[in-house]
Number of protein chains: 2
Amino acid sequence: MNKTQRNGGRAGPEGREGQDTTERRRELLDAADRVVLRDGPGASMNSIAAEAGITKPILYRHFGDKEGLYRALASRHTDALLRSLRAALDAPRERRSRVEATLDTYLTAIETHPQVYRFLMHPAETGPAGEQDFDAGQHSAPLLRRLGEELATVVGERLDLGPDGVDRARVWGHGIVGMMHAAGDWWLGEQPVPREQLVRYLADLLWGGLTEADDRPGAPGF
Amino acid sequence: MNKTQRNGGRAGPEGREGQDTTERRRELLDAADRVVLRDGPGASMNSIAAEAGITKPILYRHFGDKEGLYRALASRHTDALLRSLRAALDAPRERRSRVEATLDTYLTAIETHPQVYRFLMHPAETGPAGEQDFDAGQHSAPLLRRLGEELATVVGERLDLGPDGVDRARVWGHGIVGMMHAAGDWWLGEQPVPREQLVRYLADLLWGGLTEADDRPGAPGF
DNA sequence: TGACCGAATTACCGATGGTAACCACTGTGA
DNA sequence: TCACAGTGGTTACCATCGGTAATTCGGTCA
């Protein structure tokens with residue numbers, strides 16, 4: 001088993017050893033967190049190591065490469081955000097309230113911790129070397145993908161969308177998440193309206209606001 | 001024959017000068033385009049200069065820094081895409097067809113040129129050094145912002161959205177663009193459904209599909 | 001011809017991600 | 001008590017990148 005390998009130490013029972021190394025990982029991630037929140041997503045491995053009171057090679061032992069560290073770090077925050085959103089999505093209310101609560105939860109999160117948010121949207125960072133992968137579709141922030149899939153599942157489970165319901169649910173899941181994300185990103189920069197209003201507008205959009213609005217008199221129609 | 005002929009002395013009027021330098025810029029951008037499409041968004045300034053048959057400092061003379069080059073490059077593609085989208089948005093049909101045509105135009109574009117798409121979504125690249133700016137809101141791809149603002153204008157002009165119409169139009173503009181973007185990004189990776197279907201699903205979502213769907217029997221409601 | 005001027009190149013700097021080589025400490029077996 | 005093995009850790013280093021001074025080269029004017 002040797003779950004984390006390394007150690008090879010016959011010394012203590014492996015459980016104990018694993019305990020230590022995961023505990024260590026947590027400490028390192030805490031340090032990385034502080035640095036990233038302070039210096040932005042471009043924080044260097046050296047500074048992170050320094051914050052943790054160690055040196056680079058140890059970080060590389062634990063996380064492989066920068067991408068690995070950032071993935072681990074992002075995973076923590078993503079998990080936390082996902083938990084909040086799931087809670088909002090599971091609250092026992094009617095549909096509209098549920099949607100508004102979810103939107104509000106997300107927007108509150110990014111408003112409260114913009115640095116975390118910014119980091120989560122930039123995990124790739126594609127260092128100087130290599131990076132040949134051109135699959136064009138996984139570069140986007142994994143957070144959005146996870147949110148989209150999550151929402152797709154919820155929608156697919158709870159709504160009756162007909163024969164092609166699965167595909168439809170996935171499209172809607174990713175689409176709604178993208179709407180929330182883009183609007184939130186723009187709003188975070190300018191904050192031209194209070195959060196509650198943004199939530200209402202977005203929910204209105206999902207509620208078919210675009211269909212119900214009348215053409216402007218004299219306009220070429222929309 | 002100094003076809004490129006760096007003018008050699010102020011001889012010519014400035015107009016001529018400008019002509020030459022903008023022509024040169026175009027050539028350099030063409031070269032940069034080829035390299036970026038070949039090596040991905042992480043292409044180095046050296047390789048771009050080599051492709052253009054010159055050396056780094058010239059690139060820096062023309063574009064200031066890497067960010068500048070990438071901005072110029074992105075601007076070209078963004079402008080082109082914006083033109084197509086405006087055309088789709090201005091076609092004389094009824095609202096639903098117009099929306100579907102716009103979605104289809106965008107999705108066709110990213111499907112046809114995924115490398116360009118990928119580059120456009122990663123223009124920041126935040127080099128190794130500095131990069132202290134933490135405003136958390138301008139890091140996102142400028143393309144999405146421009147699209148969002150554009151759509152907001154169109155929506156605001158053509159629809160009668162009541163007293164707070166301007167704010168509402170901006171939220172909707174960015175929201176719709178984000179929906180299109182996220183769904184497109186996900187779809188580009190998996191392509192689980194044909195494009196026409198994706199377009200229909202997204203339009204359905206905007207047409208209030210989420211409101212009209214029935215709860216699944218036995219589900220906790222959505 | 002020779003001084004001059006500007007464009008382009010070479011050579012370089014500092015910083016980064018990543019790694020190999022080295023070091024020190026600690027407990028074990030004789 | 002002492003060699004030893006294995007651990008975690010550090011130092012020193014490499015290739016590469018973005019960016020820039022110093023320098024060379026080609027042509028123009030007196």
Side-chain angles (χ1 to χ4, degrees), chain A residues 2 4-12 14 16-25 27-28 31-32 35-36 39-71 73 123-132, chain B residues 1-12 14 17 20-21 23-25 27-28 31-32 35-36 39-71 73 123-132:
Chain A
N2 223 351
T4 51
Q5 120 261 28
R6 130 166 39 289
N7 99 326
R10 62 284 177 241
E14 285 168 1
R16 179 110 173 47
E17 255 280 333
Q19 266 288 8
D20 273 8
T21 157
T22 63
E23 168 65 16
R24 196 75 209 276
R25 247 180 94 101
E27 289 176 19
L28 296 185
V35 175
V36 165
D39 297 354
S44 81
M45 293 297 269
N46 259 327
S47 54
I48 292 177
E51 171 73 27
I54 50 152
T55 49
K56 266 197 297 180
I58 306 191
L59 281 184
Y60 283 91
R61 275 227 245 283
H62 276 266
F63 300 101
D65 61 353
K66 189 175 189 175
E67 178 75 20
L69 204 184
Y70 275 41
R71 248 203 317 269
L73 198 51
E125 271 305 304
T126 94
E131 192 70 13
Q132 205 76 323
Chain B
M1 64 232 11
N2 358 327
K3 93 153 40 156
T4 55
Q5 179 238 351
R6 277 314 10 122
N7 86 354
R10 65 270 176 248
E14 285 168 1
E17 248 271 335
D20 270 10
T21 156
E23 169 65 15
R24 195 73 205 277
R25 247 180 93 102
E27 289 176 19
L28 297 185
V35 175
V36 165
D39 296 354
S44 80
M45 293 297 269
N46 258 327
S47 53
I48 292 177
E51 171 74 26
I54 50 155
T55 50
K56 265 196 300 179
I58 306 191
L59 281 184
Y60 282 91
R61 270 215 199 305
H62 276 266
F63 301 102
D65 60 354
K66 188 174 190 176
E67 179 75 19
L69 205 185
Y70 276 42
R71 247 204 317 268
L73 198 52
E125 273 304 305
T126 94
E131 192 70 16
Q132 206 76 325

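Chain identifiers are assigned alphabetically (A, B, ...) following the order of the sequence lines, protein sequences preceding nucleic acid strands; residue numbering begins at 1 within each chain.
Not a single side-chain contact (heavy atoms from CB on, under 4.5 Å) links B:Arg61 to another residue, sequence neighbours left out. With sequence neighbours excluded, no residue forms a side-chain hydrogen bond (donor to acceptor under 3.5 Å, both in side chains) with A:Thr55.
Rounded to whole angstrom, the span from the CG atom of A:Asp65 across to the P atom of C:dT16 amounts to 17 Å. We find that NZ of B:Lys66 is positioned 14 Å from P of D:dT20, with the value rounded to whole Å. Summarising the geometry, the separation between CD on A:Glu27 and P on D:dG8 is reported as 14 Å, rounded to the nearest angstrom. A straight line from CE of B:Met45 to P of C:dC13 spans 21 Å, rounded to a whole angstrom. As rounded to whole Å, 10 Å separates atom P of C:dA8 from atom CG of B:Leu28. Atom pair B:Asp39:CG and D:dC17:P shows a separation of 10 Å (rounding to whole Å applied). The separation between B:Asn46 atom CG and C:dC12 atom P is 16 Å, rounded to whole Å.
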Assess the residue pair A:Arg71 and A:Phe63 against the criterion (side-chain contact (heavy atoms from CB on, under 4.5 Å)); give the C-alpha distance rounded to whole Å, side-chain angles, the decisive distance to 0.1 Å, and a yes or no. CA-CA 9 Å; A:Arg71 248 203 317 269; A:Phe63 300 101; over 6 Å; no
Applying side-chain contact (heavy atoms from CB on, under 4.5 Å), run through A:Leu28 and A:Ile54 and close with a yes or a no. CA-CA 9 Å; A:Leu28 296 185; A:Ile54 50 152; 3.8 Å; yes
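Heavy atoms only, all atoms of each residue included: B:Met45 and B:Tyr60 are closest at CG-OH, 3.5 Å. Between B:Ala49 and B:Lys56, the shortest heavy-atom distance links the atoms CB-N, 3.7 Å. Contact detail for A:Asp39 and A:Ala43: the closest heavy-atom pair is CB-CB, 4.1 Å. Nearest heavy-atom pair, A:Ala32 versus A:Leu69, reported as atom, atom and distance to 0.1 Å: CB-CD2, 3.8 Å.
Each end of the helix from C:dT1-D:dA30 to C:dA30-D:dT1 gets its own axis, taken as the rotation carrying the C1' atoms of four end pairs onto the next four within a five-pair window, and the two axes meet at 40° to the nearest 10 degrees.
Near DNA chain C, meaning a heavy atom under 4.0 Å from it, residues 49-61 of chain B has B:Ile54, B:Thr55, B:Pro57, B:Ile58 in order of number.
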